[in-house]
Structure formats: C-alpha cells, structure tokens
Amino acid sequence: MPEPGMPGAGRRWLPRSTEGWLTLVILVFGGVLGLATDTFLTFANLFDLLNISAFNAIMAVGLLVVLVAGGIDISFAVAASVVQYLTAVTVMQLGGGNWAIGLVLASAFGFMLGAINASLIYYFRIISIVVTIATFNIFFGLLMFFTRGRSIYDLPDWLLDRIIVFEFETPGGDFAFLTLPVVVMMAVVVATWLFLNRSSLGRQLYAMGDNAEGARRVGINIAAMHFLAYGWLGVCAGIGGLMQAHYVQEVVPNALYGRELDVLAAVVLGGARLGGGRGTILGALLGVTLVTMTQNGLNLMGVSPYAFQMVVGLVILVAITMSNLEGLEAFIRRFRSGRARAEAGRQG
Amino acid sequence: MPTWGFEAVRGGATDAAPRILAVEHVSKVFGGVQALVDVDFDVLEGEVHCLAGENGCGKSTLIKIVSGVHAPEPGAVLRFAGERVEGLTPVTARRLGIQVIWQDLALFPEMTVAENIAFEANLGGRPRWVDYGAMRRTAAQVLERLGVTLPTGRPLRELGIAQRQVVAIARALVAEARLVFMDEPTASLTQAETRALFEVVHRLKADGIATVFVSHRLAEVLEIAERVTVLRDGRMVGVYPAAELTQNRLAELMTGEAHEAVVRAQDRSAGRVVLEVEGLARAGEYEDVSFSLHAGEILGITGLLGAGRTEVAATLFGLTSPDRGDIRLDGRELRLGSNRDAIRSGIAYVSEDRLSLGLVQPQSISRNIAITVLDRLLGLLGLLDPEKERRLVAGWVDRLKIRIGRPEDAVATLSGGNQQRVVLAKWLATEPRLLILDSPTVGVDIGARAGIFQIVRELAASGLAILMISDEIPELYHNADRILHMRAGRLIGEFQPGEAPIEAIEAAVHA
Amino acid sequence: MRAAFTRLLRGQGEILGLLVFFAVVLVFFGLTTPRFLAAGTFQSIAFQLPELGLLTLAMLLPILSGGLNLAITFTANIAGLAMAWVIQLGGGPEAGLMMVLLGTAAALAVGALAGGVMGVVVAFVGAHPILVSLAMMIFLRGLGEFLTRGGDISGFPPFIATIGHGTVFGIPLPLLILLVAALLWQVLLGRSRFGFSTYMAGSNLEATRYSGIDTRRVLVLVYVLSGVMSAVAGILMLTRFNSVRVGHGEAYLLITVLACFLGGVDPFGGFGRTAAVVLALVILQTIASGLNLMGAHQHLATALWGVFLIAVMVGRWVWQRWSWRAPG
C-alpha cells in the first residue's frame, strides 16, 4: 500500500495527517451545509445525528480492530442481525431478562460468530475476505431461513423503552436529547481505545498487522490475536445490534444487510489501511461523522437518498487516489506521452 | 586449484572464560540436503565471536538451531551457561537470554522507536496496561548504555536502516540478552555506520554480553572478532583466534580455494567502446560518474553497500532517470523512459535480488526464460506458439547447462546456481550488447560459482560488454579486466587486477 | 503408449477430480430427486449457466492478476441500464435493431469505463484491489439506485428476447455466447502475451516489471476486460428478464468466487485455468438446479453456498498439506 503522503504535505498550512484532512473537510462541509440549509446546524439535528450514528460508530471501532490486525471482515453487519435474533429469542425464553443479561448475551453471541471467522482464517489459512464473504452468506441465509424473513415486534419492555440520558430545550423550542445507544457507543469507543492503545494485547495486535513475520519472531501468539481481533469485532457487532434493535424497537432480519459497506467505507476513509498496522479510533470516528453528515446533508438539501451511496463510493475512490498523487501524475504523464507518440506516428 | 581439507579443529575454546553456549554434534537435513554436518560450536561469556563462511555454508541454519527456530537432528548436545538444554523453542531461547537480530530485523515500522525498543513490555499472554512513560525511559536508558541518540518519539519507518539496526540491538538488550546473534548486520551499512555498530558491540562486551557476528566480509570479521568459527558446505572447518588469521588465509578457509588463483585481466581498451557514461548524477544516490566499457570487457564495480553501485545500475537499466549526464550505447545517446526502453536498446540487468526481482519464483522455468522475448515467440494470429517457447527454453537449458527436471517445474525448485543460470538465460535470450550483473553470486553455492563465472567469461569472449557489481573483491579480482572503486556515490579509483595486489584493493575499499 | 497416457494425465489432475465430483453430484441428485435426470433440468441449466458463467469469467482475470473485482454484478447492472437507456431513447418497444446495437455498444463501453477506472487506480496508485473495487461497487450501486429509484426498467422490442431465450440447432443462444466468451478467455490466457503477463504479474508484479513487461498496462487491461465481460453478462440479463433492476444478480458474487476457487484458481493469483473454472461452474449450476428441484429454500441455498465455499477452501488446504508432505 502506498504511504498516505497526503497532497501538499510540504505546504505548511495544510493538514499533514488523514485525521487533519478529515477534520478540515468536515468543518468546510459542515459550514456549507449550515449556510445551505437552515436545519443542519441546529442542536436538534446534530443530536439526532449522534443518536442515529451510534450503531455505525460502534461497528466502526470494532472493524478498526480487525483492519489494524491485518484482516478484513464484511460479515459483521449480518452477524449483528443474527445476534439480535438470538438475544431476543433467548431473553424471551428466560422470561424477559434485563439490560445486563441482554448485553452479556449479545456480547457472547457476537464473540462466538467472530470466533468462527477467526478459526477459519487462522487454522485453514484462508484469506479473510473469502472467509467473510462465505460467512456473510451463511449467517444471512440461515437467519432468513429460520426466521422465514419475519420480524419480531414482541420484545421485552426493557428493550423497548427509550432511555433518554440527557435532554434540553433548544432556544428554538425543539427538544434535543441523547439516548442510551450514544452512551453505550461512548463506552465502546473508550474501551476499544484503551484496548488498542493502552493494553499490551492491543499493541501485540498492532504489531501483528504491522509485520506479521516479525510478530511471530518475537513470540506473539498469532492464533490468540486472531480470536481477539475478530472476537472484539463480534462483541461490538453484538452490542451494536442490540442498540439498533432498541433504537428502532423491533428486530428485522434484513435490516442491517448492506450496512457493512457504509461502515467499512467510513473506517477506510478514516485512514485505516487494508493490510494492517495503521488506523486510529479518531480517524474511524471522523470517517463515520463524514459519512453520516453526507447522508444527512444530502437529505436536508433535498437530494435523492439514492444519491448517497454514489457519493460515498466516489469519495472513497477519490480519497484512495489522492493518497498517492505520484501515481496519478505518472498516469497523466503516460497518457499525454502516449497521445504525443500517437500524433508523432501520424505525422511520420 | 588446491583445495583445503576439513581440518575439523574441535572445541577450540581456551578455558580463559566460562562458555555461555556450547553445542556439539549438530546436524540438520532439509528435504534430503545436509545443511549442517556434525558441527561443534561454542561462545565464551562476553566474547565477540565471528561465524564466517560463504552464502549457503550453514551459518543461518546454525543460528536457527541455537535460537530454537529449527530442531537439530537427534544426537546434538546443547549447553547454555553450563546447563544442558533440551527441546529449545524460540520462547525458551529468549527466556535464557539468547537474542537473534535477523537481517530483516523483525521490527514494527508504524510504531515509535521507543515502543519498538521496549516492545518486550508488551509481550506475554497476560493483559496489562501499557506505560508509555516507562517505555520511553527504558528506551532512553538502553540507548544511553549504547551511547547512541535516536528520535524515540518518531515512527520507526522514518529511520534509516542503520538506525533500525541499533533499535533492534537495543530491543535485544531490554530483553536482558546474554548472547546476541547478529545476522549480517553490516550488509546494508555505510562505513561510518559500521564503525558505530562496532562501537555498540564493544559496549555489549564491556557489559559481559557475548556477541556472535555473522559476516562474510573478511576485513570486518578480523577487526571485530576475538575468535572465528569457519563453516563451509555445512561442515565445520575450524575455530581460529582472529589474531592468527590474515584476510587471505580466512578467504582460503571459507572458500576452500587458494586465492593466488589465475588473474585473467587483460587490456581491452583497443576494443570498440560499447557503453560510455559521462558525468552521470542523481541527487542523493550518485554523482559525477564517468566510465567507458569496451566490447569483450568485464568491468567490475566494487565498494561498500550503499556506495551507489546498484543505483547507477538502476539508471543504466532505465528504472530511474539521472538528473544530469549522458549515457551512450554504441555511440548513440540513450534516453530511457523505462526498463523496457533499456531492454529494447540491448541492455540486460541481472538483479542482486533474485528472490523477489530476478525471477517469478512460483512460476515455471519455461515461463521465466520466455518472459523477456515474448515478441519472438508469436506464431499464427499473433498468438504465442508453445513449440517456439519449448525450443527457446530447450536451447538455453542446453547452452547454459541448466540442470532441471521439467521445464514446467516452478523455478523455485531449483538450486541457487541453477536459478542464476535461468536468470542469465532469460537475459541472454534478448541478445543484449551490455550485460549488467549485480552481485551475481548472492545465494549461489560455492561449488556453483565457478560455473557461473565461466559462463560470464565466455560471454565476454564472444564480444559482450559486461558490467559486474560485487562486494566480493576476490570474485572481481579473478574475473574482471578492470575494477572501479565507488564510495559515497562517486567513483574514486581504478585497479588493474594483477598489477595491484588483492590486499591493496581490499584495504582501499574497507578503509 | 503408457508414457503418453501418463503425460496426458499429468497436470489434468484437477480436471479429473472435478469430473469425478460432477459424477457424484449427478448421481446424488439423480437418486434423491426423481425429476432431476430429465431433459428439462439440463435445458434450464443451459439457460441459467451463462449469466453466472460470464460473471465468473469477469472475476477470473482480476484474481489471476493477484486482485479481486467485487464490482462485477453492479457493473453488469449499470451496463444493462446504459443499454436500456439507449433503447428507450430509440423508442422503447418500437426501437429498431440499430438502436439495440447502439445500446449494446453503450453497455460495453460503460463496462470498460468502470473497469478502466478501477484498473488505473489499482495499477498507478497501487491501491488495494479489494478496496478499489468495493468503492466502485458502492458507487455503481448508488448510481443505479439513483437512476432507477430502485425500480425496474422495462419495455424493450420483443426481438430482444430471442437472444435470451432462442436456440440455434437446439443449443440455447446464451450458452453459445458463454462458450464463445470462455473460448476467448482460454485463448487470451493460454496463448496471448497479455495472458502470459497476467499470470506472471499475479505471482510477482515487481519481478515481472523488471523483466520488461508493462505491468501497469496489463493491470489496466485486466480490469477493463473484467468490466467488459461483466457488461456482456448485464446485456444477457436484460434480454433474459426483459428488464433491468439494480441489485439483480447480487448473490452471484459469492458463486463466482466459489467457482474460481473450486476450479483450482490460486487465491493469491498467478495460477488457474479457464477450462477447470468452466467445469466448476457447470457443477455449481447443476447443484443449484438440483437444490431448486429439491425445493430448497432460497435463503437456505445461500447459506449452503457459503458452507460450500468454506468447504472448498478447507479442502484445498488439506490437499496442499498432503501433497506438500507426500514427496518428502
């Protein structure tokens, strides 16, 4: 992978890191949206964005762990749906349960699904993208088969009751509020940050993504690292899934289908590298912010919601290309010299 | 050529200091090939020991055995600090205090220098909090002990290779090493950096840490080591006090050949000038490089790694473009946009890195030879003609006496010497006028080297101009017509083998 | 004679293995599903195979070059959309042959463009193909949904259906298209300079470049051809369903990857043969039709494909370890 020598790294007034660039883009984009619409820069809207993006942020930091370790996973969003189902069914069996039981169950189920990926990747040396394409289909196929595509609305009360953690009336008279998923999101983000940056195991994970052979040489337990990485993402997916079910107050088997791409897009935008060793929590969160803002902004500006995916795809393509302007220059040079040669040929 | 027998000098340790490591009767077989045959080896506490031998002599295998990466064949006896050790693994070896600094260093480029040095603190299965302050202090302490300053807060990827080497040594120290192996640590260091490294090794010695230095550079070996263990073809040749060895004697022990061998240098300046390089410069790589090369001539370029030799070759092969200067081939000015232009102009380049640049290892021998001349293998409808490919490959296999099973076998299944012949075949197939050989015997068994050089000399005799880059001065001395000496990106001297004694050239290069 | 026979067998091991597997599949469904061994089954296989087959050919090239193209199904959709758009401009159901041909050209051009952009980014920027094709996939899906608002586009001249449903001498036309495409791939990969370079670059890009191959050109061409082949699949889908819907054939992505790996393609690039992949495809389509006849739930089938992919990869791993140890 190319070094992300960002364009104009030599110019002092431009940001030098991916996070810096994202912040700049978010500020400019936010300013434009604030001017173009009269609803974007309101507390109500911003808090709403936070509530909506809690699920994506939880998933994003989980996925970051896998990317940092040098893998990739596209099965986590449908895994979250599976966890929603398993958890809902289990707590009903247990006679209702409560938040503590729900969270523990969701984490355990999530870890289990992640461990399936980890063992296939580690023990059979199958590349992670192939394994997770397969498990994506297995998880989703089995979920749709066993549920017959039916949703569950009959959820326990503790899961259905909206918990508002913080609320205030804005000067405009609207109510801005923060819900439980936001608090859980913050907890997951802090925990993942502590894990990746402050714990010995997290550092071993970075080391494995950075230089797998070197990690083996210094005696890092590669098998354990695989279970840790995919398991952590699994737990995040499980918790995220529970929060999403709580937020929409139902469990729909195909609700999260396709969400993995938004999350992956966000994390990659945030500077995580496919191949491992690089990526920060801050970057991932900024990536989620930008993706969410794009969606919200296009919405507020009255652009068709269908355009959203298109813009996200384009933004990633541009971001990848910008991260190596040298390659782009080589291409343009070649294109020009090819044309010049063709013209010379015509004359000669 | 007289060959030196195996003297098998066993257990050469004088009992001055206790032995930190002693191994006896170590053998190792890989897929039917004897990599090590009944080798004894020992290191004294606080000693600087050198493990010398040419590529493929079994040095790396021996290190891998004493660091627990490979298990020796049954019958071997390992002792560490007097204690018998059984079933050594990398983890137990590290716990004993055996540290290996591999050539690829096994460091983490994205992490800071401090974290790389103090990575030991992160290891182990028991989770705990990381104390970056403690890491920085550990790093600073160790670096001070080594007498080096490094930017500990920066990511490792911003450091040069020499500094990374120091980081790897520092990491070994943090792990409380008692015996440090360094695998070819100077291979990519400049002279000043090598000096600095030696300084570090002396400090280790002062701390009572034993160092085993692996190198095939004679001058270095003799300068740093107290004792030298020489291996050849997987066998122990003997253990010698460094003070009793000369470079020539050591070379003889390593190669098994006496080096007053034939000097074949001739004055070829009457021949047609094939390559002319004038005032070539590229910022940060080399400067003011001028020389000419005649038809039938073998021109050697030597100098320490990092002197800019390979960089000049890369420019001649069109991989980089010079900032200034001219390259003329057969009197025609060359403007190379890519290596494809160079190949079309009649330049061929045998890379020093056969593993990742010279050959496509997993693919077939046949394809590896055909790849450079696909245009000539076309038949009906502009499609590749398998019959033409078969004839081309058979022709080259026959001409260069390449020993292969079937042409469809992966090139990786061949020995180093035969692989190098495949590389030569693929370039000779392009019918070049200039052949650049970059370290042509790297990873080639000693026995196979003479064969390679014979081919090279025959090519020269048929009128090909050959530019041969090598840091093995004896190789150049016995095969080249002239030797250019490069240092810090400049050509600073020229030698005629035969006129100047080999020692003088070695002294000049390693000075 | 015997020597000649062993020489013929050598290197054909995977083809033989696949044929045996095919026989097992046929026997299994023949025994378990009464209506399986009927002409109708094979007729339906012959009509369904081509879409999947063309997409698999589109996937094969990037994998051989050491990459992956996750955007094939949506490239097919967008190419179909381009064709539909041209035909609608030309009068929809009343459009003439000229407009249909023009539409076909537009579809192929769109496929080439989508592939070309990916190729340029992969070859010149050196970005990871998974990432690049994923971004392209997200973009194309968004573009398609934006243009169609999630609905179907239909209303084409009736003669278009002959391409999707017609037969020549009893052979379905789509099958003929696939055969021609597979033959083209076989020749391209086995006998052209481009194919040679693709295999070499797939194993080691830098060493291939050092040998004087223009690897950037090769990579761009790999993705352009992949895009064009996806477009052919898109055109075929349009003629078979007489409509275009973005997201159609999305589930094929997994099966194309599966077909490549079952056909012995190396996941890291450099090795793999068209013939074996086509044979693997036939097997997979037979299984699909068999499952269909058994009345397997659509989503259960999806899960089974996933299990099958894992099984194939594990099987390859076991095979590799076994054959690695055997000679030593």
Side-chain angles (χ1 to χ4, degrees), chain A residues 1-2 72 74 120 123-127 129-131 133-149 258 261-262 264-265 268 273-275 303-332 334, chain C residues 68 70-71 117-118 120-121 123-128 130-132 134-150 216-217 220 246 251 253-255 257-258 261 267-268 296-318 320:
Chain A
M1 286 293 281
I72 190 172
I74 59 167
L120 289 170
Y123 291 110
F124 299 107
R125 304 284 188 274
I126 313 174
I127 40 179
I129 181 82
V130 172
V131 167
I133 285 180
T135 51
F136 172 90
N137 283 276
I138 296 174
F139 294 164
F140 186 67
L142 290 180
L143 180 67
M144 293 300 278
F145 176 68
F146 284 114
T147 62
R148 313 247 160 238
L261 294 185
D262 300 350
L264 185 64
V268 167
R273 180 174 67 169
L274 238 65
V303 181
S304 152
Y306 291 115
F308 162 66
Q309 291 280 341
M310 188 171 76
V311 173
V312 169
L314 209 59
V315 166
I316 303 177
L317 267 181
V318 170
I320 301 170
T321 311
M322 295 296 276
S323 69
N324 185 346
L325 277 188
E326 237 169 75
L328 196 68
E329 274 165 25
F331 175 68
I332 292 166
R334 177 91 81 83
Chain C
L68 203 64
L70 297 173
V117 169
M118 283 187 282
V120 165
V121 176
F124 284 85
V125 176
H128 208 303
I130 292 180
L131 198 56
V132 176
L134 200 67
M136 182 53 85
M137 168 186 161
I138 296 175
F139 171 72
L140 291 177
R141 187 176 69 178
L143 178 68
E145 285 175 348
F146 178 64
L147 292 174
T148 63
R149 300 284 187 264
R216 286 172 166 175
R217 204 178 130 252
V220 172
V246 173
L253 183 68
L254 165 81
I255 308 182
V257 174
L258 176 51
F261 294 153
F268 297 101
H297 192 281
Q298 173 211 341
H299 291 297
L300 187 63
T302 305
L304 279 178
W305 289 126
V307 173
F308 197 27
L309 176 55
I310 300 273
V312 166
M313 298 312 284
V314 171
R316 290 174 62 120
W317 176 80
V318 171
Q320 237 167 29

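Within every chain, numbering begins at 1; the chains are lettered A, B, ... in the order of the sequence lines, protein sequences first and strands thereafter.
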Residue set satisfying ring pair (Phe, Tyr, Trp, His ring centres under 6.0 Å) with A:Phe124, at least two apart, ordered chain then number -> C:Trp317

Ring pair (Phe, Tyr, Trp, His ring centres under 6.0 Å) filter on A:Phe145, not counting sequence neighbours, yields C:His297

Interface moiety of A:Leu120 toward chain C, non-hydrogen atoms closer than 4.5 Å:
side chain

Report yes if the side chains of C:Leu134 and A:Ile316 come closer than 4.5 Å at any heavy-atom pair, otherwise no.
no

Should the pair C:Trp305 and C:Phe308 be assigned to parallel (<30°), tilted (30 to 60°) or perpendicular (>60°) ring geometry?
tilted

With side chain to side chain contact (heavy atoms under 4.5 Å, CB included) as the test, would you mind laying out the steps for C:Val120 and C:Arg216 before giving the verdict?
CA-CA 8 Å; C:Val120 165; C:Arg216 286 172 166 175; over 6 Å; no

Quick check: do A:Leu143 and A:Phe139 have side-chain heavy atoms less than 4.5 Å from each other?
no

Counting only non-hydrogen atoms closer than 4.5 Å, does C:Val121 touch chain A with its backbone (N, CA, C, O), its side chain (CB onward), both, or neither?
side chain

With a cut-off of under 6.0 Å to the ring centre and 45° to the axis, is C:Arg141 in cation-pi contact with C:Phe139?
no

Can you say whether A:Ile74 sits under 4.5 Å from chain C via the side chain, the backbone, both, or neither, judging by heavy atoms?
neither

Looking at A:Val303, A:Val131, A:Val130, A:Val311, which one has more heavy-atom pairs under 4.5 Å with chain C than the rest?
A:Val130

Heavy-atom distances under 4.5 Å only: say whether A:Phe146 touches chain C with side chain, backbone, both or neither.
neither

Quick one: what part of A:Ile126 sits under 4.5 Å from any heavy atom of chain C, side chain, backbone, both or neither?
side chain

For chain A, which candidate among C:Leu254, C:Leu309, C:Leu304, C:Val307 shows the most heavy-atom pairs at distances under 4.5 Å?
C:Leu254

Need one label for A:Leu317: side chain, backbone, both or neither, based on atoms under 4.5 Å from any heavy atom in chain C.
both

Quick one: CG on C:Leu68 to CD1 on A:Ile133, what's the gap to the nearest 0.5 Å?
6.0 Å

Checking C:Leu253 against chain A: side chain, backbone, both or neither under 4.5 Å from a heavy atom?
neither

Heavy-atom contact with chain C under 4.5 Å, split by part of A:Leu264
side chain

Contacting moiety of C:Arg149, where chain A heavy atoms sit under 4.5 Å:
both

If one checks every heavy atom of A:Val268 against chain C at 4.5 Å, the contacting part turns out to be side chain

Under 4.5 Å heavy-atom distance to chain A, tell me which part of C:Leu140 shows up: side chain, backbone, both or neither.
neither

Partner of A:Asn137 by side-chain contact (heavy atoms from CB on, under 4.5 Å), out of C:Thr302, C:Ile255, C:Leu258, C:Ile310
C:Thr302

Which bit of C:Met137 comes within less than 4.5 Å of chain A, counting heavy atoms only: side chain, backbone, both or neither?
side chain

Heavy-atom proximity to chain A below 4.5 Å, by part of C:Leu143
both

Find out whether A:Leu142 and C:Leu300 are in side-chain contact, i.e. whether some heavy atom of one side chain is under 4.5 Å from a heavy atom of the other.
yes

Per-residue contact mode, A:Ile129 against chain C (heavy atom under 4.5 angstrom)
side chain

